[in-house]
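Take a look at the structure below.
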Amino acid sequence: MYKIVNKSVERIDVYEKVTGKAKYGADLNCGSQLYAKTVYSRYPHAKILKIDTKEAEGLEGVIMVITAKDVPGNNIMFGKFPVLAQNEVKYIGDGVAVVAAESKEIAEKAAKLVRVEYEELPGVFDLEEAKVENSKRVHSEIENNFIEHSHHLLRSGDVEKGFKEAEVILERTYRTQFVDQAYIEPEAVIVLPDPYKIGVEIHGSIQNPYTIRENVATVLGLKINQVRVIQSTIGGSFGGKDESVMLMAARCAVIALKTGRPVKMVLTREESFLESSKRHPFQANYKIGAKKDGSIVAVENKVYVQGGAYNNKASFANWRASIHAAGPYTIPHIKTDIYGLYTHTIYGGAYRGFSAPQMVFATESLIDELAEELKMSPQEIRLKNCLKPGDEMGTGQILLPGKIPAPLEKMIREICRKTDFESKRKKYIQEREGFNPLKKGIGLSCTFRGAGLGGEGIDTASATVTIDIDGSILIQSGLVEMGQGMRTAHAQIVAEVLGVSLDRITFGNTDTAVTMDSGATVASRGILAGGNAMLIAATELLQRLHQQASIMLNCNIENLISENEFIFNKSKPDKKLTFEEVVKECLKGQGLSLSAQGWYNPGPEKLSPETGRGKAYPTYSYGTAVAELRVDVQTGKINVEKITAAYEIGKAINPQIAKSQFYGGILQGVGYAIMEEMRTKDGYLKTKNFDDFLIPSSADMPEMEVTIYESDDPVGPFGAKSVGELGIELIAPALANALYNATGKRIRELPLNLERVLLGKTLKK
Amino acid sequence: MQDFNFIKPTNLEEVSSLLINYKDKARLIAGGTDLIIALREERLPSNLEIIIDISHLKELDYIREEGGYLRIGSGATHVEIAQNELIKRYAPLLSQAASLIGSPQIRNRGSIAGNIVTASPAADAVPALIVLDSRLVIRKGQEKREELLQKVFVGPYKVNLKSDELVEEIYFKKLPQKAKSDFSKLVRRNAVDKSRVNLAVVAQQNEDKKVIDIKISAGSITPLPQRFKEAEDLLLGEIPTANLIQKTGEKVAEEMMVKSGYRWSTEYKEPVVKSLMVRALNRVLEVE
Ligand SMILES: Cc1cc2nc3c(=O)[nH]c(=O)nc-3n(C[C@H](O)[C@H](O)[C@H](O)COP(=O)(O)OP(=O)(O)OC[C@H]3O[C@@H](n4cnc5c(N)ncnc54)[C@H](O)[C@@H]3O)c2cc1C
């Protein structure tokens, strides 16, 4: 049916990337640039008594050393992040000064010569301490350590009544760890002062140009339009290149304006680990009640989220968590409370999944535990309770075919059949007692995921599509390409609408002076919101082309078709105009504009503040996975053998890219589940580089089999919805469930590392 | 990063005289897979003036058979050792150990002497070399001295080489045909990861299955690479039984505790070392 959409065409930016031609942030240089280096805190919590920059300034080649007092505007940015710590350092990654020098080497040397006197203070280093009433506070201006606006709740039915009806009740606590996104390219920023008017032009590995523009403007005391942010090609981000690049951009911008010289800052991996956001650790306390027949009647939970010293994401991530906290199940009575807490530690932010990997680990472990208690199979309990067409979700939304699909039941049945789940599961239980220390296990998990931002914010996005005189097409999105393939999907949408081939299309990087503020490139909204904007812009252009073609062909505009590079009257298909012909006539013949801006605005989602209920998301994606592993019960070593997964994503604009997103997500999920951990001790970051922060290597990659389910979901362009984040969240619970199947031991804390698997508990270094 | 001169001499003699001239102001670099990291983390002495590249010297890059011995040039890389037919035949555990180091990139660069001189408690080649009773040929100028490998280690990351000395060769007796050997490594990740535990064993039994030779060493569980003599003594002269093998495994774990003291990881490592030791012994011994 479609010519370009729904096909696995080659990525339009792949050649430049694989041949090393694309320019990443660190590749950019400007004549006479300075090199900036941040001086970081020495303690997790301390009073700054004195900062002596004299010696550093005296070093030859050092141009300037700045501290908080040099910030011309507001030193505090969104989420309370200080450009530089003023009187107090609140975590080990706080910057206290920045050195700018003629070379990287001099900057490094000078950074060591900045003398800071501290008075060490006691701190709050974990959730337990942070929760305690009257405990030490991270921010003295608030009464406790609860992060502002981070409490989100969902109230559905009456849990007390629900638990009275329950015949089985379980209470469990699940815990997760800090992990880093581990993108291949560490953060890089270069800032040019007064490029054409007072202000700055910022280039770099920037995931969210608009938030950075706004924040840097307040730091400099300038208007938003005096700051221009142009994204460089990004080497992976997964949510991470946000707070850290905001800090870098702000620091470099201050120096750039003061010195009148371009300023470049590139983080080392150690600095990136220290200063960039991590996945929030969760402590998820659950109570679940069910009838003997397996029907779940009530879920109550209190979830505590470690925010770190500063935080601008917990309020959003926690809202997403509140909607998903009872899992993809029909449950009459739900009471959910999610809280974010400040600690004197590294901080949580966005990382692919944005609270889902933590919540799904908890809920999907819990449902397996319930199944075990009820002597049901994990498949059976899920089939009994999973959301089905016509059901009401915890939010009150009704799952209507053609509006919000609910394909989980079929997906679960099919994946279990395909993997021979039931018979393997039984066999592995029998083998637990056997002599061989290598045990096999199989585990199931399923999920649903609200598409786009939903009630988290306004899900608007812009796109500009411009056709030039030779018929070439430039597309520019307000959302950012960072490796996910969004740009190719956008191009496919535009080419499909205009009836032209893909090779006409090229793209520009996101530039805040060119495209309208489209919010952040998060929440798997690149196609849902950004693609819809492309669709709107392309449709507008098609309209204009057809207007002209109808005159040229002397026919009714309704009869026109654009296909295979031609525009023609469908009742007289032998007379065809070429795309170029019509473009030329529009631009040169008639002087029409062939540039259109698409603005997608789904409107605000309305939710009740008392209950959290309402239209949380316009629609949902679904997924289910089966993990198969082998575990050595004498060492705790897990080898993940196979992940079979299925995802319902509406329509795949590019099935190959969609699958790649799932493969990548699955492998990140394996890392999250069994090996990754950013360890902190008393506020100090112990995990400093990749020798300690282990992410899966190719030798750890399991066999993967991914099936894409498509549906008639009408929300996104051509029926597409969210893909990017869905891959990761199913893996940790599927593996924890498989581990239980193999060993009979339930581990409720991630990662499932050697020590936990062997001893069933955490060893503290 | 500190400043230094990088010198690439054309032969070993030149290297030796540079070392004699510069002493502790000089450092050798072979593959650089340990040294570059130390340099970047600023762990090298501040008086460092020159770094001498020896990675290209053919004089140090050989593996040969000489009488009953195998002689390995100190510059031989892990990949060369892993793939060498002589080593596969006469010291298979060393080939195994080398093949499990790091990643292809690391094995292409990393040298055997680098692994020794870094003296990391987690080094993989070292326990294998120890159970082979390896000796080092150490050179200073034109002089050479020999040292039993084990004797070289004086502390974690510490060897008793003088600053004007270099390791020229590692050699050991070929394992007898009847001997069996085994190297195994436990890691958190399947590649590019340091050993949580590694174990090296050489064993030989006579016709009556009596153990006539047994050598056990391990990495990552003791501060210094060493033999586990008490455990070896349990087996030596005995006909192994399942029970005796269990006891030997326990003994290795016990010796680890004595040598390392109680650490955060002991609760984990004690049972694991025992199980892995039992498995290793079962692979090399015929049990009654
Ligand atoms: C990513 C990564 C993974 C790794 N994985 C492993 C692993 O799995 N197992 C493992 O055991 N090791 C591992 N290592 C450590 C390292 O690769 C090995 O120890 C390697 O053998 C070091 O050899 P090199 O030639 O690179 O030494 P270099 O770094 O060149 O030198 C190391 C030290 O030895 C000295 N030196 C070198 N040659 C001589 C000589 N002939 N005489 C005297 N002194 C000398 C140098 O001066 C320096 O002090 C890993 C390292 C990295 C970076």
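Just so we're on the same page: letters track the sequence lines, and every chain starts at 1. Heavy atoms only: backbone and side chains are in, while hydrogens, waters and symmetry mates are out. Remember, predicted model here, so these are calculated numbers, not experimental data.
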task = Run the ring-centre check on A/Y183 versus A/F238 and record whether the distance is less than 6.0 Å.
result = no
Which atoms of [X] come close to chain B, meaning under 4.5 Å heavy atom to heavy atom: side chain ones, backbone ones, both, or neither?
{"X": "A/L694", "result": "both"}
{"X": "A/K764", "result": "backbone"}
{"X": "A/E108", "result": "side chain"}
{"X": "A/L758", "result": "side chain"}
{"X": "A/K761", "result": "side chain"}
{"X": "A/K104", "result": "neither"}

Main-chain N/O of [Y] paired to [X] side chain as donor or acceptor, under 3.5 Å:
{"X": "A/K439", "Y": "A/R432", "value": "yes"}
{"X": "A/D700", "Y": "B/N190", "value": "yes"}
{"X": "B/N282", "Y": "B/V278", "value": "yes"}
{"X": "B/T118", "Y": "B/N115", "value": "no"}
{"X": "B/S195", "Y": "B/L186", "value": "no"}

Counting only non-hydrogen atoms closer than 4.5 Å, does [X] touch chain A with its backbone (N, CA, C, O), its side chain (CB onward), both, or neither?
{"X": "B/E42", "answer": "side chain"}
{"X": "B/R196", "answer": "side chain"}
{"X": "B/I37", "answer": "neither"}
{"X": "B/K194", "answer": "side chain"}

request  = Pull out the residues in residues 667-679 of chain A that come under 4.5 Å of chain B, heavy atom to heavy atom, sorted by number.
outcome  = A/M675
Judged by modelled atom types alone, do [X] and [Y] share a side-chain donor-acceptor pair under 3.5 Å?
{"X": "B/S55", "Y": "B/D53", "result": "yes"}
{"X": "A/Q33", "Y": "A/Y35", "result": "yes"}
{"X": "B/T77", "Y": "B/N108", "result": "no"}

query = Any ion pair linking A/E705 and A/K642 (charged N to carboxylate O, less than 4.0 Å)?
reply = yes
Carboxylate-amine/guanidinium proximity below 4.0 Å for A/E755 and B/R188 = yes
Choice from [options] maximising heavy atom contacts with chain B below 4.5 Å:
{"options": "A/E270, A/K109, A/E105", "value": "A/E270"}
{"options": "A/I638, A/D632, A/N689", "value": "A/D632"}
{"options": "A/N639, A/N753, A/I695, A/D691", "value": "A/I695"}

message = Among residues at least two apart in sequence or on other chains, which ones pass side chain to side chain donor-acceptor pair (under 3.5 Å) with A/T345?
response = A/Q306, A/T343
request  = Check step by step if side-chain contact (heavy atoms from CB on, under 4.5 Å) holds for A/L59 and A/I106.
outcome  = CA-CA 8 Å; A/L59 192 71; A/I106 298 171; 3.9 Å; yes
remark   = Residue from B/V192, B/V272, B/V273 scoring the most non-hydrogen pairs under 4.5 Å with chain A is B/V272
